[in-house]
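Comments concern the structure below.
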Amino acid sequence: MEKSKITLGLIVGNRGFFPGHLAELGRAEMVKVLQESGVDVVVLDVKLSNYGAIETYEEAMRCAELFRKHSDRIDGIVVTLPNFGDERAIADTMRLSRLKVPVLVQATPDTPSKMTIAHRRDSFCGKMSACNNLRQYGIPYSLTTSHTVAPSSDEFKKDLAWFTGVCRAHRGLQNLRIGSIGARPAAFNTVRYSEKLLEAAGISVETLDLSEVIGRIERMKDNDDAAQAKLKAIHKYVTTSGVPAAALLKMAKLGAVIDEWMKATHVTISAVQCWTSIEENLGVVPCTVMSMMSNELLPSACEVDICGTLSMYALALASETPSALLDWNNNYGENPDKAVCFHCSNLPKHFFKEVRMDYQQIIAGTVGKDNTFGTCVGQVKAAAMSFARFSTDDENGVIRGYVGEGRFTADPLETFGGAGVVEIPHMQKLLRYICENGFEHHVAANLATVAGIVHEVATNYMGWETYWHGR
């Protein structure tokens, strides 16, 4: 996933009863703030309406036409109210634009010393009317932290950073294609999901049988350019001391085959069968290859956990940093707010204090050590974290989930695989919620504070029922 610039459409509200110069200055201020934040702005020219603001239906039509021309690149809309604003024109602009993107409503505060007819804004009141009309029109929207906030304030800059994250995550989930590589392991009913419910949400699943992967690997020459390039990338990515050269070449071929297939099928993220077909039939684990994809913000989940990789991606989109898929795995002593999160592991390198390649100790007992090289082993570094899990609820025909925040600690942990101690306030309440609602033991984690962004996208713009732990 390449980091890309956000483009926002700007609607400047205006109402003739109120000072027009406020709309003129408010437009200029908001454009300046957006551009200084690295945002591309699509806004009606001042020659096409009074002050480049929107008040009449004709002006709404002009603005909507402009937005339609740029619809392929507009990620969200900011509605700014430097004065009361015309509630109908704002909603009409959105309806006529036919854009289905996040909307942020901002109102500029009045100054107590400037409450005469020449300077009074009444944006405080106008925001309620604008939101009322957006709701009547069935247009979802987001709000700033405070009811009124100045565009040039530090508080609004934080609101804007949050909103651009919402736009980025929403955009990334549209027409998403997920690669399902191999069959769900028989012992993992927990990762069952409804492909139809995902499709109804605009998310498609492309399947690839593991036999096809292994067949392509067997036909690939050792000196294949893609395989050799992947082999060099593996050596650069992680310490491979003690790992047999033959195993590394198999991993490289596996990675090259998956990369080629994902590119050919326009798949963005993936979930891969592991236990224990790859080990028995190819003689390595796919962990390092998956770790490398996740580290490039293209999440890859094990055990064909399609909803798990979707959860990883939502967090990665929000933060623009790598996500991991972990088990809620063990208690940590007697502290009710701490637990051990673990996987074998395919955690991205971004998560570790130090990382090295090793063999998968759990599967080795079944298929032999020589067939299980390729795990990324180490302890998760201490850092703030966000977590998320989405699932398809077939019985009720919905997608639902939970999000929250905590931190990975520096507590000592002597174990294998990739693991870390996580501390989450009121964790027993969270664990009870997970169990009572039948969620999976897998959870996506990200070393950033973005639960609010993911919650907003999921609930407000995707229509997914989502519990926000600790809110």
Side-chain angles (χ1 to χ4, degrees), residues 1-2 172-173 176-185 188 191 193 198 203-210 212-214 216-217 230 233-234 237-238 250-275 277-279 282 284-317 319-327 341-352 355 357 360 374-377 388-390 417-418 440 442-447:
M1 183 181 73
E2 295 182 1
L173 294 175
L176 177 64
R177 289 170 61 80
I178 304 176
S180 178
I181 303 173
R184 172 185 58 79
F188 283 84
V191 297
Y193 71 99
L198 290 180
I203 298 169
S204 300
V205 178
E206 187 79 6
T207 61
L208 177 66
D209 193 86
L210 205 56
E212 295 182 56
V213 175
I214 294 172
R216 294 180 192 184
I217 291 171
K230 182 63 72 173
I234 290 171
Y237 182 75
V238 63
K250 289 178 183 178
M251 291 177 222
K253 289 183 177 181
L254 173 64
V257 166
I258 291 176
D259 286 349
E260 181 182 354
W261 175 76
M262 290 180 67
K263 183 178 180 179
T265 55
H266 304 282
V267 162
T268 301
I269 61 177
S270 61
V272 181
Q273 180 181 358
C274 178
W275 300 65
S277 182
I278 284 184
E279 294 79 13
L282 184 59
V284 292
V285 295
C287 300
T288 292
V289 171
M290 298 166 69
S291 172
M292 294 170 70
M293 289 192 286
S294 294
N295 209 59
E296 292 297 319
L297 309 188
L298 302 173
S300 187
C302 47
E303 292 144 17
V304 202
D305 188 353
I306 295 295
C307 290
T309 197
L310 172 63
S311 306
M312 294 168 70
Y313 195 48
L315 290 168
L317 288 165
S319 68
E320 295 189 288
T321 63
S323 297
L325 191 70
L326 293 154
D327 288 352
C341 284
F342 164 89
H343 244 162
C344 304
S345 81
N346 61 0
L347 275 62
K349 184 168 67 173
H350 176 74
F351 267 66
F352 292 107
V355 61
M357 187 186 292
Q360 217 280 29
T375 57
C376 291
V377 174
R389 178 71 213 190
F390 294 104
E440 298 82 349
H442 284 170
V443 65
N446 188 281
L447 303 185

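- By the ring pair (Phe, Tyr, Trp, His ring centres under 6.0 Å) test, F390 is found to be paired with W464, residues two or more places apart in sequence or in another chain being considered.
- Remark: R184 engages no residue in a salt bridge (charged side-chain N to carboxylate O under 4.0 Å, His left out) (not counting sequence neighbours).
- The side chain to side chain contact (heavy atoms under 4.5 Å, CB included) test applied to C344 returns W275, Q360, not counting sequence neighbours.
- Partners of T265 according to the side-chain hydrogen bond (donor to acceptor under 3.5 Å, both in side chains) rule, which considers only residues two or more places apart in sequence or in another chain, do not exist here.
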For residues 256-263, please give each side-chain donor-acceptor pair under 3.5 Å, one per line with the distance, not counting sequence neighbours.
from: D259; atom 1: OD2; to: K230; atom 2: NZ; distance (Å): 2.7

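- By the side-chain hydrogen bond (donor to acceptor under 3.5 Å, both in side chains) test, S180 pairs with no residue at all, sequence neighbours left out.
- Scored by the side chain to side chain contact (heavy atoms under 4.5 Å, CB included) test, V377 finds R356, D358, T375 as partners (sequence neighbours excluded).
- For the side-chain hydrogen bond (donor to acceptor under 3.5 Å, both in side chains) test, residues two or more places apart in sequence or in another chain that qualify with S291 are Y237.
- A heavy-atom distance below 4.5 Å is not found between the side chains of S270 and T309.
- Under the rule for a side-chain hydrogen bond (donor to acceptor under 3.5 Å, both in side chains), the partners of E440 that lie at least two apart in sequence or sit in another chain are R389, S391.
- Residues satisfying the ring pair (Phe, Tyr, Trp, His ring centres under 6.0 Å) criterion with H343, sequence neighbours excluded, are H442.
- The two residues Y313 and L297 come nearest to each other via the heavy atoms CE1-O, 3.9 Å.
- Legend: residues meeting ring pair (Phe, Tyr, Trp, His ring centres under 6.0 Å) with F342, ordered by chain and number and at least two apart, are F416.
- Applying the salt bridge (Lys or Arg N to Asp or Glu O under 4.0 Å) rule to pairs touching residues 286-295 yields nothing, sequence neighbours excluded.
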